S.K.: 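Before I ask anything, here is the structure I am working with.
For clarity, every value in this text was computed on a predicted model and none was experimentally measured. Just so it is clear, the values below take in all heavy atoms, side chains as well, and ignore hydrogens, waters and symmetry mates.
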Amino acid sequence: CPRCMQCDTKFDFITRKHHCRRCGKCFCDKCCSKKVPLPRMCFVDPVRQCAECALISQKETEFYDKQLKVLMNGATFFVTLGTSDKSELMVCRLSNNQRYLVLDGDSHYEIEIIQISTVQILTEGFTPGGGNTRAIGMILQYKVPGSEELTQMKLTASEDFSCNKKLSASWLAAMHKVSK
């Protein structure tokens, strides 16, 4: 006899089975009661999902609604390549197809996202309790196509533009959340 995937309740005339619209597994009403939008599967209105899938869907929705827009809009940074002591003012953004980090200034760089091996967010204002820190930059390590060596790039929020500082901090926070 079929049973609930989570609580092992037996399905019968009174206890009906419900399918999670994300994973497709069968659950009782209690274990599949969350209703969350699932736009990536073309469910615009909230649909029934198990607790595990509902959490994933909520995080996905937050990513698409918040972080992705911020990353695609971009922000301005001082960019330093490798061990160079020269930096260039560039706009850094996620490409429209979400596969590249695009940096535009006097120079132009496109870094394929899958080639990025580490993302380290740089902060200032650290206190012993860990509060009041803010993102001021980021160090990326990535592979250049055709090379096995890692290249390092440092992005630092510009102190000169007070209006862009908040935008840069938001962009770094979104990048940090995505890289987790």
S.K.: Do Cys92 and Val79 have side-chain heavy atoms sitting under 4.5 Å apart?
M.R.: no

S.K.: I need the Lys17 NZ to Lys10 NZ distance, nearest 0.5 Å.
M.R.: 13.5 Å

S.K.: Indicate if Trp171 and Leu68 have the same hydrophobic cluster label, given that clusters are the connected sets of ILVMFWY residues with side-chain heavy-atom separations under 4.5 angstrom.
M.R.: yes

S.K.: Measure the spacing between SG of Cys28 and CD1 of Ile14 and express it to the nearest 0.5 Å.
M.R.: 13.5 Å

S.K.: What I'd like to find out is whether the side chain of Ile113 reaches to under 4.5 Å of the side chain of Leu101, using heavy atoms alone.
M.R.: yes

S.K.: Contact between Met90 and Asp104 at the side-chain level, heavy atoms closer than 4.5 Å - yes or no?
M.R.: no

S.K.: How far does CG of Asp29 sit from CZ of Arg16, to the nearest 0.5 angstrom?
M.R.: 9.0 Å

S.K.: Verify the neighbour count for atom CD of Gln115: are there more than 12 heavy atoms of other residues, nucleotides or ligands below 6.0 Å?
M.R.: yes

S.K.: Give a yes or no on this: more than 12 heavy atoms of other residues, nucleotides or ligands lie within 6.0 Å of atom CG of Asp12.
M.R.: yes

S.K.: Quick one: does any side-chain atom of Ser168 pair with a main-chain N or O of Ala75 as donor and acceptor, under 3.5 Å?
M.R.: no

S.K.: Any side-chain heavy-atom pair from Glu88 and Ser107 closer than 4.5 angstrom?
M.R.: yes

S.K.: Check for me, please, whether Met5 and Leu55 land in the same ILVMFWY cluster - side-chain distances under 4.5 Å, paths through other members count.
M.R.: no

S.K.: If you look at every heavy atom in Ser87 and Phe78, which pair is closest and at what distance?
M.R.: OG-CD2, 3.9 Å

S.K.: Show your reasoning for whether side-chain contact (heavy atoms from CB on, under 4.5 Å) applies to Ile111 and Met153.
M.R.: CA-CA 10 Å; Ile111 303 167; Met153 181 181 278; 3.8 Å; yes

S.K.: Can you tell if the side chain of Asn73 reaches within under 4.5 Å of the side chain of Arg93, non-hydrogen atoms only?
M.R.: no

S.K.: May I ask you to decide whether Glu60 forms a salt bridge with Arg22, counting only side-chain N to carboxylate O separations under 4.0 Å?
M.R.: yes

S.K.: Rounded to the nearest 0.5 Å, how far does CD of Glu112 lie from CZ of Arg99?
M.R.: 5.5 Å

S.K.: May I ask you to test the Leu94-Tyr100 pair for a side-chain heavy-atom distance under 4.5 Å?
M.R.: no

S.K.: Check the hydrophobic clustering (I, L, V, M, F, W, Y; side-chain heavy atoms under 4.5 Å; chains of links allowed) and say if Ile116 and Leu71 are grouped together.
M.R.: yes

S.K.: Looking at every heavy atom in both Leu103 and Leu155, which two are closest together, and how far apart are they?
M.R.: CD2-CD2, 4.3 Å

S.K.: Between Val102 and His108, is there a side-chain heavy-atom distance shorter than 4.5 Å?
M.R.: yes

S.K.: With a 4.5 Å cut-off on side-chain heavy atoms, are Cys50 and Cys23 touching?
M.R.: yes

S.K.: Checking the side chain of Gln49 only, and the main-chain atoms of Ser57 only, is there a donor and an acceptor separated by less than 3.5 Å?
M.R.: no

S.K.: Work out which heavy atom in Cys26 is nearest to a heavy atom in His19; give both atom names and the distance.
M.R.: SG-NE2, 3.2 Å

S.K.: Check the pair Gln120 / Gln141 against side-chain contact (heavy atoms from CB on, under 4.5 Å), numbers first and verdict last.
M.R.: CA-CA 9 Å; Gln120 179 188 351; Gln141 287 189 320; over 6 Å; no

S.K.: What distance do Leu140 atom CG and Leu81 atom CG have between them, rounded to the nearest 0.5 Å?
M.R.: 10.5 Å

S.K.: Please find the pair of heavy atoms, one from Ala174 and one from Val70, that lie closest to each other, and give the distance.
M.R.: CB-CG1, 4.1 Å

S.K.: Of all heavy-atom pairs between Ser84 and Thr80, which one has the smallest distance, and what is that distance?
M.R.: O-CG2, 3.1 Å

S.K.: Please give me the minimum heavy-atom distance between Arg21 and Leu38, naming the atom from each residue.
M.R.: O-CD2, 3.8 Å

S.K.: Would you please test Lys154 and Leu122 for side-chain contact (heavy atoms from CB on, under 4.5 Å) and show each step?
M.R.: CA-CA 9 Å; Lys154 182 178 179 182; Leu122 305 172; 3.7 Å; yes

S.K.: I need the His18 NE2 to Phe27 CZ distance, nearest 0.5 Å.
M.R.: 12.0 Å

S.K.: If two hydrophobic side chains count as joined below 4.5 Å and joins carry through other members, does Val91 share a cluster with Ile136?
M.R.: no

